[in-house]
Each structure stands twice: as C-alpha cells, then as structure tokens.
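Single-structure report; data block below.
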Amino acid sequence: MADIADRAEALEANQREDALAAMRRTRDAQLARESASECEECGASIPVERQLAVPGVRLCINCQSRLEQQQKRGLA
Ligand SMILES: [Zn+2]
C-alpha cells in the first residue's frame, strides 16, 4: 500500500507543480502586460527591465521615488 500511496503523492506533487507553473506563467504575462511603458506622471518611458522588475509599474523611477518620499512625509 505504501507503494501506491507514494506514487499517488508523487503524481499529486507533479500535478501541483505543473499547475503552479502554469499559474505563474499566466500571472507573469498578465503583470508584464499591466506594466506601463510610459510614466503616468511625466510621460517618460519606463525601461523594460523596470517593467519586469516591478510588475504593474505605472511610474518612472524618478516619480516613484518622489512619491515614496512624499508618502514617507505623509503628504500623499
Ligand atoms: Zn515620471
């Protein structure tokens, strides 16, 4: 019985990995699509590396850091 249980467990783990990988691919594709290629604040183009590094990014690095500083000071 242990054999069958082990096999079932392995099969289950494989399927879970497959499902997770598929979900990750879908999510990555969605997030990459949702990233803005231009800053919503100043219109500067956002490098693809930043779009991928910050999924769903809407602002360029300048505007983002300015926003973060404002938030730190409680202005935003
Ligand atoms: Zn900007």
Side-chain angles (χ1 to χ4, degrees):
M1 283 311 280
D3 246 28
I4 292 170
D6 284 352
R7 267 203 302 254
E9 206 172 308
L11 194 68
E12 214 176 52
N14 276 342
Q15 287 175 339
R16 199 163 47 227
E17 281 307 307
D18 284 353
L20 280 173
M23 274 168 57
R24 258 183 242 121
R25 275 196 299 273
T26 307
R27 189 198 57 188
D28 287 351
Q30 278 172 348
L31 291 175
R33 218 172 22 238
E34 282 165 10
S35 291
S37 56
E38 288 181 359
C39 176
E40 287 189 344
E41 274 295 305
C42 69
S45 63
I46 299 170
V48 175
E49 296 79 37
R50 175 162 165 76
Q51 292 177 39
L52 294 174
V54 189
V57 66
R58 322 290 326 166
L59 301 173
C60 73
I61 195 122
N62 292 329
C63 293
Q64 183 68 49
S65 55
R66 199 179 60 219
L67 187 76
E68 277 168 15
Q69 283 183 349
Q70 284 176 348
Q71 281 172 342
K72 251 182 247 163
R73 282 186 259 136
L75 296 175

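Counting starts at 1 for both ligands and their atoms, in listed order.
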_From L20 atom CG to R25 atom CZ, the distance as rounded to the nearest 0.5 Å_ = 11.0 Å
_Neighbouring protein N, O or S atoms of the Zn ion (ligand 1), below 2.8 Å_ = 4
*asked:* Which heavy atom of G56 sits nearest to which heavy atom of S35, and what is that distance?
replied: N-OG, 2.8 Å
*What's the spacing between Q71 CD and Q69 CD if we round to 0.5 Å?*
11.0 Å
*Where C63 and C42 come nearest, the two heavy atoms and their spacing*: SG-SG, 3.8 Å
*Are the side chain of Q51 and the backbone N or O of I46 linked by a donor-acceptor pair below 3.5 Å?*
yes
*asked:* The criterion is side-chain hydrogen bond (donor to acceptor under 3.5 Å, both in side chains); which residues satisfy it with E40, sequence neighbours excluded?
replied: R58
